[in-house]
*Asks:* 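Below is the structure I would like to discuss, written out as structure tokens.
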Amino acid sequence: MRLRVRGGFEIVPVPPFDFRLTVRKPAGWDLFTSGESFADATLWTGLRQERRPIGLKLRSLGTVERPRVLVNVYAARNLAEVDEQRLRKTVSVCLGADQDLKEFYDFALKDEILRHVVKSLYGMHDTQAASLFNSVILAICLQMARLKRSNDMMEAINRRYGETIEFDGKKVMLQPDAGRIAKLDPKSFAKECNLGYRGKYIVSAAKMIESGFPAIDEIMRMPPDVAKEKLVELPGIGDYAADIINPHAGFPIDAWSVDVFGLLFFGKEPENKREAIEKVKQEGIRRWGKWSWMAFFYVAQDLQNLSRRLGVKLRLQ
DNA sequence: GCGTCCAGGTCTACC
DNA sequence: GGTAGACCTGGACGC
């Protein structure tokens with residue numbers, strides 16, 4: 001689908017704000033979709049607004065201490081004023097533009113582990129997904145699979161049911177919306193995309209989302225424990241997956257991160273990962289309290305630097 | 001080449 | 001309420 005420029009707006013994030021680190025994270029986490037591209041302080045990406053594909057070109061015009069982000073909006077037809085206002089708010093929230101990192105940095109600089117990562121990744125804001133369903137797909141595909149297979153499953157879903165938008169000379173793949181997946185036969189879907197048992201969870205979750213489950217922004221506005229309680233109502237979403245979808249509420253320790261944080265906290269990787277997950281999670285929350293997620297996020301993005309600084313060999317993702 | 005293990009968890013039947 | 005076992009698939013590993 002070809003999109004034309006339909007408007008634009010400027011976002012002024014709270015400094016420090018490093019555009020590159022925020023939209024193109026060192027560990028490779030995408031902002032909105034795996035199909036986005038980045039060059040010359042510019043990100044071409046896309047999302048859906050009320051099912052409608054929207055192309056976005058985000059350009060950094062400022063500096064880390066005086067940040068400005070110019071957003072060009074591309075769509076098939078003109079946007080109403082109210083839609084552009086809503087889009088502006090969505091992009092601003094997803095970029096974490098209003099996040100003030102000062103309090104976290106003050107806390108982190110007194111911590112033996114975190115002081116290294118906040119210096120290395122100064123100005124990296126925590127971003128948020130634009131779609132609950134896309135986060136659900138990610139959280140379910142991460143389960144019981146190595147990272148390569150998780151990526152293969154998500155790519156298969158995008159290839160078969162996603163949508164490519166073209167704008168500003170770029171092509172961006174958008175992930176499918178819940179409405180499309182909700183209509184599928186779970187067994188066929190699982191077979192087509194090599195999802196195994198996950199296929200039925202994704203289709204059932206899509207049906208729940210289609211029938212009025214709270215949207216991502218509503219979830220984010222809920223108190224963390226209420227949001228988590230709500231999220232685990234979705235099929236295939238348990239404790240870990242809920243923390244992936246709404247990370248502000250938790251410390252998403254899994255079979256990979258249990259090695260990393262086990263080594264950081266206790267000086268060695270646990271012998272029995274499954275048994276150690278709860279212990280490591282509790283230790284993270286005890287040490288870092290309300291900053292647990294930010295600590296997890298910064299550490300996960302800075303493993304190479306942290307390995308060097310602390311003289312330990314942290315397993316990269 | 002073949003068999004086994006287990007991976008960025010969750011659900012459910014059973015006690 | 002707690003817990004063992006099942007669940008898809010495929011790469012890694014030992015033999």
Side-chain angles (χ1 to χ4, degrees), chain A residues 25-30 34 126 129 132-160 181 184-209 213 227-247 249-265 269-285 292-293 295-304 306-307 313-317:
Chain A
K25 300 192 182 60
W29 299 7
D30 305 304
S34 57
D126 179 24
L132 174 62
F133 184 56
N134 292 350
S135 295
V136 166
I137 291 177
L138 169 72
I140 292 176
C141 287
L142 284 175
Q143 295 168 14
M144 288 296 285
R146 291 184 174 85
L147 196 56
K148 182 185 177 302
R149 185 168 176 227
S150 298
N151 287 330
D152 287 348
M153 287 187 278
M154 289 186 283
E155 270 184 40
I157 295 172
N158 291 347
R159 204 169 43 245
R160 183 72 180 79
I181 302 299
L184 300 177
D185 169 56
K187 283 188 182 165
S188 312
F189 176 53
K191 198 168 180 185
E192 279 171 341
C193 302
N194 214 10
L195 299 168
Y197 70 92
R198 302 168 193 81
K200 61 178 183 293
Y201 290 150
I202 294 176
V203 172
S204 302
K207 285 179 180 164
M208 278 183 73
I209 288 168
F213 196 84
K228 190 161 188 171
E229 234 172 76
K230 193 70 200 168
L231 286 170
V232 298
E233 287 177 15
L234 289 168
I237 302 300
D239 183 73
Y240 164 79
D243 282 348
I244 293 281
I245 296 169
N246 180 27
F251 197 60
I253 294 296
D254 53 35
W256 158 72
S257 53
V258 76
D259 281 345
V260 171
F261 287 94
L263 193 54
L264 289 175
F265 294 160
E269 292 182 357
E271 283 174 18
N272 187 326
K273 294 182 187 198
R274 301 264 173 230
E275 282 179 11
I277 284 175
E278 192 53 34
K279 185 181 165 194
V280 170
K281 186 174 173 121
Q282 289 309 318
E283 177 61 14
I285 291 169
S292 296
W293 163 249
F296 181 99
F297 170 57
Y298 264 72
V299 168
Q301 302 300 327
D302 202 33
L303 295 175
Q304 240 166 350
L306 203 51
S307 295
K313 194 170 169 57
L314 298 170
R315 193 159 62 91
L316 302 180
Q317 294 181 73

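Scope of the values below: all heavy atoms of this structure, side chains included, with no hydrogens, waters or symmetry mates. Below, chain A is the first sequence line, B the second, and so on; all start at residue 1.
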*Asks:* What contact category does A:K191 fall into here, base, sugar-phosphate, or nothing, at under 4.0 angstrom with non-hydrogen atoms?
*Replies:* nothing
*Asks:* At 4.0 Å (heavy atoms only), tell me whether A:I237 reaches a base, stays on the sugar-phosphate, or touches nothing.
*Replies:* sugar-phosphate
*Asks:* Within this structure, what is the CG-to-C1' distance between A:D152 and C:dC8, rounded to whole angstrom?
*Replies:* 14 Å
*Asks:* Take atom CD1 of A:I244 and atom P of B:dG8, then tell me their distance rounded to the nearest Å.
*Replies:* 12 Å
*Asks:* Looking only at non-hydrogen atoms, find the nearest pair between A:R198 and A:C141 and report the distance.
*Replies:* CD-CA, 4.1 Å
*Asks:* Taking atom C1' of B:dA7 as reference, at what distance in whole Å does atom CZ of A:R315 sit?
*Replies:* 9 Å
*Asks:* Is any side-chain heavy atom of A:W293 closer than 4.5 Å to a side-chain heavy atom of A:D126?
*Replies:* yes
*Asks:* Quantified in whole Å, what is the P atom distance between nucleotide B:dG8 and nucleotide C:dG2?
*Replies:* 28 Å
*Asks:* What is the distance, rounded to the nearest whole Å, between atom NZ of A:K187 and atom P of C:dC7?
*Replies:* 13 Å
*Asks:* Using whole Å, report how far CE of A:M154 lies from P of C:dT9.
*Replies:* 18 Å
*Asks:* Measure the distance from CE on A:M144 to C1' on B:dG8 and round it to the nearest whole Å.
*Replies:* 11 Å
*Asks:* Are side-chain heavy atoms of A:V260 and A:L303 found at a separation under 4.5 Å?
*Replies:* yes
*Asks:* What is the distance, to the nearest angstrom, from the CZ atom on A:R198 to the C1' atom on B:dC11?
*Replies:* 14 Å
*Asks:* Roughly how many Å apart are C:dC8 and B:dC2, using the P atom of each and rounding to a whole number?
*Replies:* 25 Å
*Asks:* Using a 4.0 Å heavy-atom cut-off across all strands, classify A:A241 as base, sugar-phosphate, or nothing.
*Replies:* sugar-phosphate
*Asks:* Just call it for A:L138: base, sugar-phosphate, or nothing, with non-hydrogen atoms closer than 4.0 Å on any strand.
*Replies:* nothing
*Asks:* DNA chain B: A:Y201 or A:W29, which has the more 5' nearest nucleotide?
*Replies:* A:W29
*Asks:* Whenever both distances are under 3.5 Å in a Watson-Crick or G-U wobble pair, mark it; put DNA chain B into dot-bracket that way, with [ ] for crossing pairs and | when the partner is on another strand.
*Replies:* |||||||.|||||||
*Asks:* Just call it for A:P252: base, sugar-phosphate, or nothing, with non-hydrogen atoms closer than 4.0 Å on any strand.
*Replies:* nothing
*Asks:* Would you kindly compare A:K148 and A:L195 by the position of their nearest DNA chain C nucleotide and give the one closer to the 5′ end?
*Replies:* A:L195
*Asks:* Are A:K281 and A:E278 close enough for a salt bridge, meaning some N to O gap below 4.0 Å?
*Replies:* no
*Asks:* Compare side-chain N and O positions of A:R274 against OP1 and OP2 of B:dC6 and report whether any pair is under 4.0 Å apart.
*Replies:* no
*Asks:* In whole angstrom, give the distance that lies between atom CG of A:N194 and atom P of C:dC8.
*Replies:* 12 Å
